[in-house]
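Below is one structure, written out as structure tokens; the observations come after it.
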2 protein chains.
Amino acid sequence: MNIGTAARLSGISAKMIRHYEELGLVAGRRLLNGYRDYGESDVATLRFIRHARALAFPLEDVRKLLALWGDRNRASADVRRIALDHVAALEGKAQAMQAMASSLRHLAKHCCGDDRPDCPILDELEKTL
Amino acid sequence: MNIGTAARLSGISAKMIRHYEELGLVAGRRLLNGYRDYGESDVATLRFIRHARALAFPLEDVRKLLALWGDRNRASADVRRIALDHVAALEGKAQAMQAMASSLRHLAKHCCGDDRPDCPILDELEKTL
DNA sequence: TGTGGGGCTTCCCATTATGGGAAGGTCAAG
DNA sequence: CTTGACCTTCCCATAATGGGAAGCCCCACA
């Protein structure tokens, strides 16, 4: 099947499929006319990638997960470690953002928010600290 | 003062100061020898930028905040709106990440994590859904 | 058989914010 | 005068995605 069909079936844009091929995540078989050719297993791979990306796994992790996925002798511990490391990264970033949001919310609470210039938010950003 | 000094005083790398100048966030005065020249107020501006970036304000927001900071007739409501919009964005992303982390944690909990191949994490990523 | 439209190809550029590194000019101290 | 630290600009890289152009290909329809 052509790339457009694979894109529709997998939910990944043709643009991205080409990109993933460049990164070596999906096969790059070609027909005589130069068109890329895909089969059901390629679509399955693309869907796997889509699901992994939906969980925000970086493509480097996706590469490792694909390798483990295709390895009949894999140890589930390897998958688990990649996943838990990623969870830790996600939670770290989420907490950092939540902390910034809280700081700002606190500042905004003390900002009258009318047409006068006084503003603790700007005061805070101005601080020499 | 030279860019290196301003970098030390502001906590922003020389590289980034040049970048901010290119974006029009800081002044670009030059000495006769072509060196950039900074004063105390420039350092204050750079510090303002650093504090805003520490709260993850995108540079476009920083540009607006700098304009408001320098406007004696600003309305604090304008600052407040920028801040609260940013808070909403931060919280949205944080929640999305937290949700992904929770899903993954749930999957990992049911993954024995030994040297056997069975792995609900990969099963989930493989799903046709 | 010719043609039009849609799909495919590659290549370049943009995003957001940051940094590395090279090649070359400048300044100050020894 | 030399040396080393500093400055300049320019190019490249990161992560993931997308837009768009130029050009080739294929099928269906008149």
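Chain A is the first sequence line, chain B the second, and so forth, proteins listed ahead of strands; every chain is numbered from 1. Heavy atoms only: backbone and side chains are in, while hydrogens, waters and symmetry mates are out.
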Do A:Arg63 and A:Glu60 meet the salt-bridge criterion of a basic N to acidic O distance under 4.0 Å? yes
Can you tell me if the side-chain N/O atoms of B:Ser13 get under 4.0 Å from OP1 or OP2 in C:dG19? yes
Look at the side-chain N and O atoms of A:Arg18 and state whether any lies under 4.0 Å from the OP1 or OP2 oxygen of C:dT9. yes
Less than 4.5 Å apart, side chain to side chain, heavy atoms only: is that true for B:Gln98 and A:Glu91? yes
Given that B:Thr5 and A:Tyr35 both sit by DNA chain D, which one's nearest nucleotide is further toward the 5' end? B:Thr5
Side-chain heavy atoms of B:Tyr38 within contact of B:Ile17, under 4.5 Å: yes
C:dT18 P sits how many Å from B:Glu21 CD, rounded? 16 Å
OP1 or OP2 of D:dT17 sitting under 4.0 Å from any side-chain N/O of A:Tyr20? yes
Calculate the interatomic distance between B:Lys15 atom NZ and D:dA13 atom C1'; express it in whole Å. 11 Å
Spacing of A:Phe57 atom CZ relative to D:dA15 atom P, expressed in whole Å: 17 Å
B:Arg53 side-chain N/O to C:dT16 phosphate OP1/OP2 under 4.0 Å: no
Integer-rounded Å distance: D:dC7 C1' and B:Tyr38 OH: 11 Å
Check whether any side-chain heavy atom of A:Ile49 sits under 4.5 Å from a side-chain heavy atom of A:Met16, and report yes or no. no
Are any of A:Arg30's side-chain N or O atoms less than 4.0 Å away from OP1 or OP2 of C:dT10? yes
Phosphate OP1/OP2 of C:dC8: any A:Asn33 side-chain N/O under 4.0 Å: no
Just compare D:dT8, C:dC11, C:dG7 and give me whichever is closest to any side-chain atom of B:Arg36. D:dT8
When rounded to whole Å, the NE2 to C1' distance for the pair B:His19 and D:dC11 reads 15 Å
Expressed as a whole number of angstroms, how long is the span from B:Glu22:CD to C:dA17:C1'? 12 Å
Between A:Glu126 and B:His51, is any pair of side-chain heavy atoms under 4.5 Å apart? no
Could you state the atom-to-atom distance from CD1 of A:Ile3 to C1' of C:dT10 in whole Å? 12 Å
Figure out the CG/P separation between A:Asn2 and D:dC26, and round it to whole Å. 10 Å
